[in-house]
Amino acid sequence: MNYWLFKTEPGCFSFDNLKNRPNMTEPWDGVRNFQARNYLRDTVKVGDLVLFYHSNIPQPAIVGLATVVREGYPDTTALDPEGEHFDPKSSPANPIWYMVDVRYLKEMTRQVSLEQIKANPLLEAMPLVNRSRLSIQPVTPEQGEIILAMGGTSLP
DNA sequence: GCCAACGTTGGC
DNA sequence: GCCAACGTTGGC
């Protein structure tokens with residue numbers, strides 16, 4: 001089981017959206033960055049734990065946990081000319097972009113803010129600290145466990 | 001709203 | 001293949 005950090009702008013898709021449909025799977029689509037795409041396509045596996053991060057708000061923070069329920073498959077939003085994630089270079093034969101499906105696990109007892117993460121020397125190697133723009137980030141088990149402890153949250 | 005970081009595009 | 005221009009992200 002690997003840990004990941006998935007970033008989202010809550011105005012676009014929030015942890016509450018996930019929490020309100022606890023038994024549903026949700027596609028993590030719209031990722032349009034090659035490094036993040038590679039993770040989604042090749043490395044993210046069923047059963048991996050997702051630290052759900054809210055970005056672009058006054059208090060960016062890890063707010064909850066999700067789990068991966070389907071591994072990388074072509075992102076259909078890239079094929080929809082009407083959608084905002086349309087990419088004319090993608091096609092069914094050459095999809096370019098990939099997504100995974102996730103499901104709600106639990107809310108953090110306490111949110112773990114970016115400020116707290118930056119203040120913890122044990123977490124300074126996280127991409128979030130110095131490569132904040134990457135939207136799908138690997139998290140080491142050590143980092144993951146520290147964050148769960150900071151959030152007063154254990155694995156379900 | 002500003003701006004730094006960084007990714008992408010396209011001319012050469 | 002280099003690099004300047006440009007666009008986007010996201011913290012502040």
Side-chain angles (χ1 to χ4, degrees), chain A residues 2-20 26-44 48-68 71-102 104-140 142-153:
Chain A
N2 288 309
Y3 290 84
W4 299 91
L5 186 148
F6 284 16
K7 281 191 311 184
T8 178
E9 298 189 26
C12 183
F13 183 79
S14 74
F15 192 67
D16 278 345
N17 295 139
L18 198 68
K19 190 184 173 189
N20 291 337
E26 298 288 338
W28 200 275
D29 56 29
V31 171
R32 296 293 179 268
N33 167 283
F34 284 106
Q35 192 176 353
R37 186 282 311 266
N38 291 346
Y39 287 133
L40 290 179
R41 187 188 58 187
D42 306 330
T43 322
V44 176
D48 283 356
L49 190 80
V50 173
L51 306 176
F52 199 109
Y53 178 82
H54 280 170
S55 69
N56 231 342
I57 51 172
Q59 274 267 6
I62 292 166
V63 295
L65 305 177
T67 187
V68 176
E71 285 167 24
Y73 63 105
D75 183 343
T76 48
T77 66
L79 302 172
D80 173 13
E82 307 299 315
E84 62 178 313
H85 297 300
F86 177 60
D87 182 350
K89 292 198 282 286
S90 73
S91 67
N94 180 24
I96 303 182
W97 304 111
Y98 284 74
M99 56 186 175
V100 301
D101 288 352
V102 300
Y104 172 81
L105 270 187
K106 73 195 292 191
E107 196 159 11
M108 299 296 275
T109 304
R110 297 184 299 273
Q111 296 191 359
V112 179
S113 69
L114 178 61
E115 190 179 11
Q116 288 174 275
I117 291 168
K118 284 185 162 178
N120 190 329
L122 296 173
L123 300 178
E124 68 185 6
M126 289 184 72
L128 193 65
V129 175
N130 47 23
R131 287 247 7 239
S132 73
R133 290 185 55 194
L134 186 61
S135 63
I136 303 287
Q137 307 186 356
V139 175
T140 69
E142 293 77 13
Q143 292 162 349
E145 283 159 21
I146 291 167
I147 288 167
L148 290 179
M150 289 168 79
T153 303

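Labels below follow one simple rule: chain letters A, B, ... track the order of the sequence lines, proteins then strands, and each chain is numbered from 1.
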Tell me, please, which residues at least two apart from A:Q111 pass side chain to side chain donor-acceptor pair (under 3.5 Å).
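Result, side chain to side chain donor-acceptor pair (under 3.5 Å) vs A:Q111: none returned.
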For A:E107, the side chain to side chain donor-acceptor pair (under 3.5 Å) test, sequence neighbours excluded, returns A:K19
Protein-proximity profile, nucleotides 3-10 of chain C, B/S/- by nucleotide at the 4.0 Å heavy-atom cutoff, equals ----BBBB
Interatomic distance where CD1 belongs to A:I117 and C1' belongs to C:dC12 [whole Å]
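Value for this atom pair: 16 Å.
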Contacts of type side-chain contact (heavy atoms from CB on, under 4.5 Å), residue A:N94, not counting sequence neighbours: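 A:N94 satisfies side-chain contact (heavy atoms from CB on, under 4.5 Å) with A:S91, A:I96 only.
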Contacts of A:E84 meeting side-chain contact (heavy atoms from CB on, under 4.5 Å) (sequence neighbours excluded), chain-then-number -> none
Partner residues of A:R110 under the salt bridge (charged side-chain N to carboxylate O under 4.0 Å, His left out) criterion, sequence neighbours left out: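 Salt bridge (charged side-chain N to carboxylate O under 4.0 Å, His left out) check on A:R110 returns nothing, list empty.
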